[in-house]
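Input: a single structure, listed below in structure tokens.
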Protein chains: 2
Amino acid sequence: MNAIPQLTKNQTLVFDVLSHADGPLSAYTILDRLRDRGFRAPLQVYRALEKLLEYGVVHRLESINSFVACAHPGEDCHSHGLVAFAICDKCGQVTEFHDHELDHRLMSWVRGQKFKPEKATIEIRGRCAACA
Amino acid sequence: MNAIPQLTKNQTLVFDVLSHADGPLSAYTILDRLRDRGFRAPLQVYRALEKLLEYGVVHRLESINSFVACAHPGEDCHSHGLVAFAICDKCGQVTEFHDHELDHRLMSWVRGQKFKPEKATIEIRGRCAACA
DNA sequence: TTGAGTATGTTATGTTATTACATAGATTGC
DNA sequence: GCAATCTATGTAATAACATAACATACTCAA
Ligand SMILES: [Zn+2]
Ligand SMILES: [Zn+2]
Ligand SMILES: [Zn+2]
Ligand SMILES: [Zn+2]
């Protein structure tokens with residue numbers, strides 16, 4: 001359970017944008033929102049995201065090439081468990097959830113294969129309750 | 001359980017490349033491998049892939065922007081169940097698997113949220129037995 | 001045979017992500 | 001202090017992935 005280090009200037013800016021967004025954002029959207037804070041190039045965003053992902057305070061949604069602030073900051077789940085997302089294709093809302101049973105099931109299959117997991121991606125696309 | 005229609009010329013070419021590949025391929029890699037069969041533009045690949053995905057004979061691996069031929073052709077799983085992948089980051093080998101228990105667990109969570117799932121992505125990245 | 005639907009070809013463009021190189025700031029040991 | 005080192009940042013260019021827009025051709029049924 002590594003502590004989250006003090007964020008640098010750019011990391012703070014990117015994290016702030018994600019925290020206050022009402023849904024996942026692409027790297028280039030983040031860039032646009034930080035132009036008036038001095039951001040000029042994608043790398044400023046990608047480098048910050050890389051660290052934020054490493055610290056576990058941001059998640060990447062592979063199926064939509066976007067990033068979202070962790071919905072459960074401070075919780076222990078991320079260090080030992082797996083994270084899943086339900087993504088609404090209509091309104092963009094994302095629900096992050098953890099399920100130890102799911103985790104256990106996946107990992108037991110994986111261990112049976114002698115596969116050494118590093119990272120798991122679980123994303124469900126569809127319609128949220130409000131948009132159904 | 002919709003039958004798979006007769007594939008068109010381009011769909012056949014793309015499917016053949018994927019079937020004979022020893023791992024997942026990006027769209028542009030497929031394009032390169034079909035240059036001498038007359039392919040000139042990405043869209044020829046993407047359009048074929050779109051159909052092949054729809055027919056369920058090819059899967060897209062979101063976390064590596066690549067495509068792979070279904071490992072279980074003809075099986076019924078795809079129409080009602082969910083597909084998961086273990087992807088080796090060293091050698092690129094992909095193992096496709098189905099697990100009804102996993103499926104059930106995920107869908108019960110999702111139903112509890114009144115979320116209407118359309119598609120699920122489950123990808124585990126790590127090292128395969130041979131590369132561990 | 002004409003109209004609708006599907007498949008294809010081609011060019012251009014949009015979107016996402018990384019490489020390469022330069023500069024600046026912080027930290028450590030001397 | 002001052003060099004060595006490490007981390008963070010700035011900038012330009014390019015690579016990698018994906019789609020839009022438009023034209024043409026090929027079914028196939030009415
Ligand atoms: Zn989280
Ligand atoms: Zn919604
Ligand atoms: Zn399959
Ligand atoms: Zn391997």
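For the numbers below, each heavy atom of this structure counts, side chains included, while hydrogens, waters and symmetry mates do not. Chain letters run A, B, ... following the sequence lines, proteins first and then strands; every chain starts at 1.
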Is any NZ, NE, NH1 or NH2 atom of the basic residue among B/Glu62 and B/Arg60 found under 4.0 Å from an Asp or Glu carboxylate oxygen of the other?
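Salt bridge flag = yes for B/Arg60 with B/Glu62.
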Given atom [atom1] of [X] and atom [atom2] of [N], what is their separation to the nearest angstrom?
X       : N      : atom1 : atom2 : answer
B/Leu31 : D/dA15 : CG    : C1'   : 15 Å
A/Leu7  : D/dT9  : CG    : C1'   : 16 Å
A/Asn65 : C/dT18 : CG    : C1'   : 14 Å
B/Glu62 : D/dC17 : CD    : C1'   : 12 Å
B/Glu50 : C/dT6  : CD    : P     : 12 Å
B/Leu53 : D/dC17 : CG    : P     : 16 Å
B/Leu49 : C/dA7  : CG    : P     : 14 Å
A/Gln44 : C/dA17 : CD    : P     : 17 Å

So A/Tyr46 and A/Tyr28, would you call those rings parallel, tilted or perpendicular, with 30° and 60° as cut-offs?
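Rings of A/Tyr46 and A/Tyr28: perpendicular, as their planes differ by over 60°.
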What's B/Arg60 touching, base or sugar-phosphate or nothing? Going by heavy atoms closer than 4.0 Å.
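Counting heavy atoms under 4.0 Å across all strands, the contact made by B/Arg60 is with sugar-phosphate only.
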Touch class at under 4.0 angstrom, heavy-atom based, for B/Arg47 against every strand present
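The answer is base, as B/Arg47 lies within the cut-off (heavy atoms under 4.0 Å) of a base atom.
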Working to the nearest 0.5 angstrom, can you tell me the gap between A/His59 NE2 and A/Glu123 CD?
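Those atoms lie 11.0 Å apart.
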OP1 or OP2 of D/dA8 sitting under 4.0 Å from any side-chain N/O of A/Thr8?
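No, because none of the side-chain N or O atoms of A/Thr8 sits under 4.0 Å from OP1 or OP2 of D/dA8.
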Check this for me: does the side-chain of B/Tyr28 come within 3.5 Å of the base of D/dA18 through a donor and an acceptor?
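Indeed there is one.
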Among [options], the nucleotide that comes nearest once only the side chain of [X] is considered:
X       : options                : value
B/Ala41 : C/dT8, C/dT11, D/dC17  : C/dT11
A/Gln11 : D/dA8, D/dG10, C/dT18  : D/dA8
B/Leu43 : C/dT10, D/dA18, C/dA17 : C/dT10
A/Lys51 : D/dA8, C/dG9, D/dA18   : D/dA8

Does the side chain of B/Glu101 come within less than 4.5 Å of B/Arg105's, by heavy atoms?
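The answer is no; the side chains never approach within 4.5 Å.
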I'd like to know if the side chain of B/Arg47 and the backbone of B/Asn10 have a donor-acceptor N/O pair within less than 3.5 Å.
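Looks like no, no N/O pair under 3.5 Å.
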On DNA chain D, compare the nucleotides closest to A/Lys9 and B/Tyr46; which residue's is nearer the 5' end?
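Nearest nucleotide further toward 5': that of A/Lys9.
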